[in-house]
A.B. asks: 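The structure follows.
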Amino acid sequence: MKALILVGGYGTRLRPLTLSRPKPLVEFCNKPMMMHQVEALVKAGVKHIILAVSYRAELLEEAVAEEGRRAGVKITLSHETEPLGTAGPLALAREHLIADNEPFFVLNSDIVCEFPFEQMIAFHKQHGRQGTIVVTRVEEPSKYGVVVYQRDGKIERFVEKPVEFVSNRINAGLYILNTSVLDRIELRPTSIEKEIFPAMVGDSDLFAFELEGFWMDVGQPKDFLTGMCLYLKWLSSKSPELLYQSEGIVGTVLVHPTAKIGANCRIGPHVVVGPNVIIEDGVCIKRSTLLEGSVIKSHCWLDSCIVGWKSTVGQWVRMENTTVLGEDVYVKDEIYVNGGKVLPHKAIGDSIMEPQIIM
């Protein structure tokens, strides 16, 4: 089987991190975001993955070739010269997708969940129609476009941000499609959700597969941190040996073997510490990600933060409220940062009292 991952966006929602590298290469729980999907696809028997790219394709090309060798899968880049939406990239990659006339997966690159690819294949073969989309339950369906379907999974309609309750299931951004779907798509900017799927519903050709377990679109910092918490909780139930256990560690904490943690620290719950990170003595961190090479100096307090690559947080600093430091940021001693988004290569010498972008 084959899979196409939609990675063509600019990653604006995840800035300032995506100012330094393409979103698929930003580490989520110590692994490039797209590799969570790639490894799950390989496990399900996928042999060829196509990345639909437009932004910074040259940076992706070298990295994905190495990651593909490591995962044992062929990865091909399909390069858009203009944005083609969520359906146009399928038409652009048509030659790759129709090669053996087998159903293929389509994924949004921002999604993390317990990827049910093998179960999707079985369900898709069972109903025998053109397409299957994964749906997930949400608490507030009025914020989303919801999916209404029958007991057997056949989709009846989509309802955008319903005022009255009609369903609490939304499109989870994971699909399996027959190659015949490609005959519905022209090589132009097209939305698969608003143009292709409704037409398939009209022909009784689209079914819904219910996702069990956690799901999150991690394309913006607030949701990135929520997704991190859900992933760590899932990891603790599936592979608890991968989590870090030591004095001062509270709850689910993932620490890279090359990281160094000082004395009298309190780390957790829900913390990811990347490669070559240094955490000095007396630091308190919860619900945060520290990316490769960052340094947290003594007696800092971090809650709900993402600290970018090679950034340094000075002594007695307090940061909270979804603060995000881009690459190579320096926060001076005794500073308070409340929800700041700091662009790469900046030095912060004054406290940031309200959420704002620091350019």
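In what follows, residues are counted from 1 in the order of the sequence shown.
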A.B. asks: Quick check: closest heavy atoms across Leu41 and Ala3, and the distance to 0.1 Å?
C.D. replies: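 Result for this residue pair: CD1-CB, 3.7 Å.
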
A.B. asks: Run the salt-bridge test on Lys310 and Asp328 with the 4.0 Å N-O cut-off and return the result as yes or no.
C.D. replies: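 Not counted as a salt bridge, because no side-chain N and carboxylate O are separated by less than 4.0 Å.
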
A.B. asks: Could you tell me the separation between the NZ atom of Lys222 and the CZ atom of Arg13, rounded to the nearest 0.5 Å?
C.D. replies: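 Reported to 0.5 Å precision, the distance equals 12.0 Å.
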
A.B. asks: Indicate yes or no: does Lys154 engage Glu156 in a salt bridge with an N to O separation below 4.0 Å.
C.D. replies: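 Not counted as a salt bridge, because no side-chain N and carboxylate O are separated by less than 4.0 Å.
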
A.B. asks: Describe, in one word, how the ring planes of Phe28 and His36 are oriented to each other, choosing from parallel (under 30°), tilted (30 to 60°) and perpendicular (over 60°).
C.D. replies: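 Plane angle over 60°, so perpendicular.
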
A.B. asks: With side chain to side chain donor-acceptor pair (under 3.5 Å) as the test, pick out the partner of Glu114 among Tyr231, Trp234, Trp215.
C.D. replies: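 By the side chain to side chain donor-acceptor pair (under 3.5 Å) criterion, Glu114 pairs with just one of Tyr231, Trp234, Trp215: Trp234.
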
A.B. asks: Which value, rounded to the nearest 0.5 Å, describes the distance between Ile249 atom CD1 and Ile261 atom CD1?
C.D. replies: 4.5 Å

A.B. asks: Roughly how far, to the nearest 0.5 Å, is OG of Ser351 from CG of Asn338?
C.D. replies: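 It is 10.0 Å, given to the nearest 0.5 Å.
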
A.B. asks: If you define the side chain from C-beta out and look only at heavy atoms, does anything of Ile279 sit under 4.5 Å from Val273?
C.D. replies: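 With C-beta onward as the side chain, the pair touches.
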
A.B. asks: If hydrophobic clusters are built by linking Ile, Leu, Val, Met, Phe, Trp and Tyr wherever their side-chain heavy atoms come under 4.5 Å apart, do Leu230 and Met228 end up in the same one?
C.D. replies: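 Yes, because Leu230 and Met228 connect within a single hydrophobic cluster, where side-chain heavy atoms sit under 4.5 Å apart.
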
A.B. asks: Would you call Glu102 and Lys2 a salt bridge, using N to O less than 4.0 angstrom?
C.D. replies: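 Salt bridge between Glu102 and Lys2, a charged N being under 4.0 Å from a carboxylate O: no.
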
A.B. asks: Is any side-chain heavy atom of Ser109 closer than 4.5 Å to one of Leu6?
C.D. replies: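 No - every pair of side-chain heavy atoms lies 4.5 Å or more apart.
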
A.B. asks: Check this for me: does any side-chain nitrogen of one of Glu27 and Arg21 sit under 4.0 Å from a carboxylate oxygen of the other?
C.D. replies: yes

A.B. asks: Should Gln356 and Lys341 count as side-chain neighbours, where that means a heavy-atom distance under 4.5 Å?
C.D. replies: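 No, side chains not in contact.
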
A.B. asks: Looking only at atom types and distance, does a side-chain atom of Thr323 sit under 3.5 Å from a main-chain N or O of Glu320, one as donor and one as acceptor?
C.D. replies: yes

A.B. asks: Establish whether Leu343 and Tyr330 are linked, either directly or via other cluster members, by ILVMFWY side-chain heavy-atom contacts under 4.5 Å.
C.D. replies: no

A.B. asks: Any chance you could measure Ile296, atom CD1, to Asp281, atom CG, to the nearest 0.5 Å?
C.D. replies: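 Going from the CD1 atom of Ile296 to the CG atom of Asp281 covers 13.5 Å.
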
A.B. asks: In this structure, would Leu14 and Val329 fall into the same cluster of hydrophobic residues linked by side-chain contacts under 4.5 Å?
C.D. replies: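 No.
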
A.B. asks: Walk me through whether Phe105 and Phe117 qualify under ring pair (Phe, Tyr, Trp, His ring centres under 6.0 Å).
C.D. replies: CA-CA 8 Å; Phe105 292 106; Phe117 295 130; 4.9 Å; yes

A.B. asks: Should we say atom CD of Gln150 is surrounded by more than 12 heavy atoms from elsewhere, each under 6.0 Å from it?
C.D. replies: yes

A.B. asks: Quick check: do Val272 and Leu290 have side-chain heavy atoms less than 4.5 Å from each other?
C.D. replies: no

A.B. asks: Between Asp350 and Lys332, is there a side-chain N and carboxylate O pair less than 4.0 Å apart?
C.D. replies: no

A.B. asks: Check whether any side-chain N or O of Ser167 sits under 3.5 Å from a backbone N or O of Val147 as a donor-acceptor pair, and report yes or no.
C.D. replies: yes

A.B. asks: In Å and rounded to the nearest 0.5 Å, what is the CD1 to CG distance from Ile50 to Leu77?
C.D. replies: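 Rounded to the nearest 0.5 Å, the CD1-CG separation comes to 10.5 Å.
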
A.B. asks: Between Thr289 and Val307, is any pair of side-chain heavy atoms under 4.5 Å apart?
C.D. replies: no

A.B. asks: Decide yes or no on salt bridge (Lys or Arg N to Asp or Glu O under 4.0 Å) for Glu195 and Arg188, but give the supporting numbers first.
C.D. replies: CA-CA 12 Å; Glu195 298 176 65; Arg188 61 177 178 82; 3.5 Å; yes

A.B. asks: Tell me, yes or no, whether the heavy-atom count around Glu139 atom CD, taken from other residues, nucleotides or ligands under 6.0 Å, exceeds 12.
C.D. replies: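 No - once you tally the heavy atoms of other residues, nucleotides and ligands closer than 6.0 Å, there are 12 at most.
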
A.B. asks: Does Phe209 reach the side chain of Val135, with side-chain heavy atoms less than 4.5 Å apart?
C.D. replies: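 Of all side-chain heavy-atom pairs linking Val135 with Phe209, none is under 4.5 Å.
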
A.B. asks: How far apart are the closest heavy atoms of Ser78 and Ala93, and which atoms are they?
C.D. replies: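 It is OG-CB, 3.9 Å.
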
A.B. asks: Under 3.5 Å, side chain of Thr76 to main-chain N/O of Ile49, donor-acceptor pair present?
C.D. replies: no

A.B. asks: In plain terms, say whether Arg318 and Glu334 are close enough for a salt bridge, that is, a side-chain N and a carboxylate O under 4.0 Å apart.
C.D. replies: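 Salt bridge: no.
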
A.B. asks: With heavy-atom distances below 4.5 Å as the criterion, would you say the side chains of Asp203 and Arg184 are in contact?
C.D. replies: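 Result yes, sub-4.5 Å side-chain heavy-atom pair found.
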
A.B. asks: Crowded around Lys31 NZ? As in, over 12 foreign heavy atoms under 6.0 Å?
C.D. replies: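 For Lys31, atom NZ is crowded (more than 12 foreign heavy atoms under 6.0 Å).
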
A.B. asks: Compute whether any side-chain donor of one residue and acceptor of the other, for His256 and Asn276, lie under 3.5 angstrom apart.
C.D. replies: no

A.B. asks: Flag the pair Lys23 / Asp110 as yes when at least one side-chain heavy-atom distance between them is below 4.5 Å, and no otherwise.
C.D. replies: yes

A.B. asks: Identify the two heavy atoms, one from Val342 and one from Pro16, that lie closest to each other, and give their separation to 0.1 Å.
C.D. replies: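 Taking Val342 first and Pro16 second, the nearest heavy atoms are O-CG, 3.3 Å.
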
A.B. asks: Return the minimal non-hydrogen interatomic distance between Thr179 and Ile98, and the atom names on each side.
C.D. replies: CG2-CA, 4.1 Å

A.B. asks: With a cut-off of 6.0 Å (strictly less than), are more than 12 heavy atoms of other residues, nucleotides or ligands near CZ of Arg137?
C.D. replies: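 For Arg137, atom CZ is not crowded (no more than 12 foreign heavy atoms under 6.0 Å).
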
A.B. asks: Identify the two heavy atoms, one from Arg287 and one from Asp303, that lie closest to each other, and give their separation to 0.1 Å.
C.D. replies: CB-OD1, 4.0 Å

A.B. asks: Does atom CD1 (Ile357) have a neighbourhood of more than 12 heavy atoms from anything else shown, all under 6.0 Å?
C.D. replies: no

A.B. asks: State the NE2-CG distance between His96 and Leu92, to the nearest 0.5 angstrom.
C.D. replies: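 Reported value, rounded in 0.5 Å steps: 8.5 Å.
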
A.B. asks: Once you measure the plane-to-plane angle for His127 and Phe207, does it fall in the parallel (<30°), tilted (30-60°) or perpendicular (>60°) bin?
C.D. replies: parallel

A.B. asks: How far apart are the closest heavy atoms of Ser20 and Trp309, and which atoms are they?
C.D. replies: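 That closest heavy-atom pairing would be CB-CZ3, 3.9 Å.
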
A.B. asks: Take Ser298 and Gln315, measure what side-chain hydrogen bond (donor to acceptor under 3.5 Å, both in side chains) needs, and give me the verdict at the end.
C.D. replies: CA-CA 5 Å; Ser298 59; Gln315 293 180 323; 3.1 Å; yes

A.B. asks: Side-chain heavy atoms nearer than 4.5 Å, only ILVMFWY residues, links allowed to pass through others: does that put Leu107 and Leu25 together?
C.D. replies: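 Yes, because Leu107 and Leu25 connect within a single hydrophobic cluster, where side-chain heavy atoms sit under 4.5 Å apart.
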
A.B. asks: Is Ile278 reachable from Leu302 through a run of hydrophobic residues whose side-chain heavy atoms are each under 4.5 Å from the next?
C.D. replies: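 No, Leu302 does not connect to Ile278 through the hydrophobic network.
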
